[in-house]
Amino acid sequence: NSTVALGFLLVVILLFPSPSIHSFSMPGGLPVHFFNNAGASQMAPQVLERIMCHLQLEMKEGGYNAAAIVQEEHFGVYQAIGRLINASDPMFEIALVESATVAWTRIFYSMADSILDRALDQSGSSYDYSEARLQKVILVSEAEYAANIVAILKYAREQNQRSRAIQWRVFAIPSTLIKSDRNDQDYTFSTGVVDVEIFEDIVSGRWEVEEWKDLAKGSEIIGEGCDHDGGRRQMVRIKPEDIALVCITHIPTNSGIINPVNEIGKCIEEFNTKAMSETGDTLPSILYIVDACQSIGQISVDVQCMRAHALTATGRKYLRGPRGTGFLFVKSDVVAKLIPSEVDHAAAPLTFQTKGDLSNKEEFEDKYISIDIGYKKGAGRFEYWESNLSTRLGLGVAVSYCVDEIGVEYIEKRIIELSAILCQRLNTICPIEIYHADSIQCGIVTFSVKGMDPTSIKKTMLSPLGDERFELSVVPRTSTPIDSARTDVEDLIRISLSYINTFDEIESFINKLGDLVGMDEDRNSGNLM
């Protein structure tokens, strides 16, 4: 029965404590070097210990009583995240959720619906109109994550099919370009980094874009030579007042670029300040979401400098927290104006009133119950009642360890040093081409190997062939569809380094990879520092 099973689990936990992360081995028996920190990093030992201790407490005291015992520590998780991202009111502005994607979709749908309601109220429009009277524009980075793109396009296309009262458009903000020599010829390459000057032109109403680049229509075509409408390009000038949402991925999943989220936020804030003074509206004209899934715990993330209205993040990557954890930040002066698209009774507490005697069946038709719902005042309205408290506490330990013991400044510096050496050593392997090589600013490095399948390389590097094994990741081109289409790149091999990695690990990795794909000795610059 369940009591026996739980007792057995406790015995196992006590008699066979979890191994140190540095001695962890896969079934192959050889140690595994974790080069997939952008996927799921190794939990710090104290994180695992905190999770297991709370599970033992739940087994002893019961889930509800255990939650009451650790209530203050649970509140401290919000405070720790507040220190991490420099939130002004953590208990009001932060929601704990199951993942970054859960956080992102909840805030996106809420913001989009709020924008829709406001537009309809201001215009007096309804879904009865057969012709579009208004349009709303969502701007995304070219490096935007696939899950975000899916949610945006689903919303825009469904709204456009449902009604023409408001036409939703989705455009990618162009990236900066660089010139590079290849085979003694000049080529222009996309960096994948948002071009701030173009963004400023968009917000100022000085930018035109081809009609067919509206992603909401499903007809995005990359290429300068593409003509439409019998050879004519139909251009669209985006009106600043039509811009509803700006969605920027801080660091993407497929490369080591860093988008200029602070500069973008400043531009949005300046526009909103002017627009709100003219209209008197309390909800910002342009809402701004930053996806910090790959940046949190890897580089400094400051919501005050970003001026973001919302930020989403996960616990399982560079924070070294448990899977199934994430958080949502919503700016205090915005959160009260947003209604979640999905709620339960904890996020939206209900009250009710009755009139008459409901127990009197003969007069029941003359009696009624009136039910009202409200919403939590802060970001808690985006949380559900049920959650895994043990992993939440583990996340709190991971965040505190990152902020208070290791320090984000040290982590960022260490990762950049490791990444620079990795790129240097990868360049000694002739068939390798590093993706967005001129734009790498963090610990994520992606590359392709001419004539070799990324998945087979990943499997071989994890196999017990040789003395050591390395966990890598394969990034499908669909994970960042706009950037991949822009550069015509295929699936990539991804290495993502954290501060716990070492120079010796990099050297061992290069040796095994070089044996696999072929090392160019003329380009080999020697051992690492």
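No experiment lies behind these values; they were computed from the predicted model shown. By convention here, the first residue in the shown sequence is residue 1.
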Is it the case that atom [atom1] in [X] sees more than 12 heavy atoms from other parts of the structure closer than 6.0 Å?
X: Glu342; atom1: CD; value: no
X: Lys337; atom1: NZ; value: yes
X: Glu405; atom1: CD; value: yes
X: Gln304; atom1: CD; value: yes

With the side chain counted from C-beta on, respond yes when [X] and [Y] share a heavy-atom pair under 4.5 Å apart, and no when they do not.
X: Cys293; Y: Trp104; result: no
X: Lys317; Y: Asn37; result: no
X: Ile115; Y: Lys136; result: yes
X: Val445; Y: Leu497; result: no
X: Thr478; Y: Ser484; result: no
X: Val290; Y: Asn259; result: no
X: Val137; Y: Val170; result: no
X: Leu492; Y: Phe447; result: no

Query raised in the report: Tyr78 vs His74 aromatic rings, parallel, tilted or perpendicular, using cut-offs 30° and 60°?
Result: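 Aromatic pair Tyr78/His74 classed tilted.
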Requested in this report: Could you tell me how the ring of Tyr155 sits relative to the ring of Tyr109: parallel (under 30°), tilted (30 to 60°) or perpendicular (over 60°)?
Outcome: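 Correct class here is tilted.
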Quick one about [Y] and [X] (side-chain donor to acceptor, distance below 3.5 Å, no hydrogens or angles considered), yes or no?
X: Asp333; Y: His309; answer: no
X: Tyr318; Y: Ser295; answer: no
X: Thr176; Y: Thr191; answer: yes
X: Glu468; Y: Ser508; answer: yes
X: Thr502; Y: Asp504; answer: no

Query raised in the report: For Phe35 and Phe509, what are the C-alpha separation, side-chain angles and deciding distance, and is it a ring pair (Phe, Tyr, Trp, His ring centres under 6.0 Å)?
Result: CA-CA 9 Å; Phe35 280 18; Phe509 169 78; 5.3 Å; yes
Measuring from [X]:[atom1] to [Y]:[atom2], what's the distance to the nearest 0.5 Å?
X: Ile81; Y: Ile296; atom1: CD1; atom2: CD1; answer: 8.5 Å
X: Ile493; Y: Ile457; atom1: CD1; atom2: CD1; answer: 3.5 Å
X: Ser341; Y: Met111; atom1: OG; atom2: CE; answer: 12.5 Å
X: Ile416; Y: Gln441; atom1: CD1; atom2: CD; answer: 8.0 Å
X: Phe470; Y: Lys512; atom1: CZ; atom2: NZ; answer: 7.0 Å
X: Leu48; Y: Arg320; atom1: CG; atom2: CZ; answer: 11.5 Å

Please name the pair of heavy atoms, one in [X] and one in [Y], separated by the smallest distance, quoted to 0.1 Å.
X: Ala143; Y: Gly192; answer: CB-O, 4.0 Å
X: Ser285; Y: Ala275; answer: CB-CB, 4.1 Å
X: Ala95; Y: Phe382; answer: CB-CB, 4.3 Å
X: Glu142; Y: Pro174; answer: OE2-CA, 3.8 Å
X: Ala308; Y: Tyr288; answer: CA-CD2, 3.6 Å
X: Leu328; Y: Ala310; answer: CD1-CB, 4.5 Å

Any donor and acceptor pair, going by atom type alone, linking the side chain of [X] with main-chain N or O of [Y] inside 3.5 Å?
X: His250; Y: Leu311; answer: no
X: Glu383; Y: Leu96; answer: yes
X: Arg494; Y: Thr253; answer: yes
X: Thr391; Y: Thr325; answer: no
X: Tyr401; Y: Gly396; answer: no
X: Asn254; Y: Thr480; answer: no
X: Ser110; Y: Ile339; answer: yes
X: Thr279; Y: Asp281; answer: yes
X: Ser141; Y: Ile248; answer: no
X: Ser400; Y: Val397; answer: no

**Report entry** Verdict with supporting geometry, Leu245 and Phe108, side chain to side chain contact (heavy atoms under 4.5 Å, CB included)
**Finding:** CA-CA 9 Å; Leu245 265 167; Phe108 167 76; 3.6 Å; yes
Query - Check ion pair Arg50-Glu73 (N to O, under 4.0 angstrom) - result: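 Looking at Arg50 and Glu73, the cut-off is met.
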Query - Basic-acidic side-chain contact under 4.0 Å: Asp404, Arg83 - result: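 Salt bridge flag = yes for Arg83 with Asp404.
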Query - Residue from Arg323, Arg316, Arg106 passing salt bridge (Lys or Arg N to Asp or Glu O under 4.0 Å) with Glu98 - result: Arg106
Requested in this report: Kindly determine whether Ser448 and Glu433 satisfy side-chain hydrogen bond (donor to acceptor under 3.5 Å, both in side chains), including the steps that lead there.
Outcome: CA-CA 5 Å; Ser448 58; Glu433 183 172 353; 4.8 Å; no
Requested in this report: Could you walk me through whether Leu513 and Leu426 pass side chain to side chain contact (heavy atoms under 4.5 Å, CB included), step by step?
Outcome: CA-CA 9 Å; Leu513 182 64; Leu426 284 173; 3.9 Å; yes
Report task. Just do the side chain to side chain contact (heavy atoms under 4.5 Å, CB included) check on Ile411 and Cys402 with the steps written out, would you? Result -> CA-CA 8 Å; Ile411 291 172; Cys402 171; 3.8 Å; yes
**Report entry** Stepwise side chain to side chain contact (heavy atoms under 4.5 Å, CB included) test for Ser175 and Arg486
**Finding:** CA-CA 10 Å; Ser175 299; Arg486 186 80 168 83; 5.9 Å; no
Query raised in the report: Given the rule in the side-chain hydrogen bond (donor to acceptor under 3.5 Å, both in side chains) test, do Ser88 and Glu93 qualify, once you have shown the distances and angles that lead to the verdict?
Result: CA-CA 8 Å; Ser88 58; Glu93 296 178 318; 3.3 Å; yes
Query - For Glu158, all residues meeting salt bridge (Lys or Arg N to Asp or Glu O under 4.0 Å), sequence neighbours excluded - result: Lys154
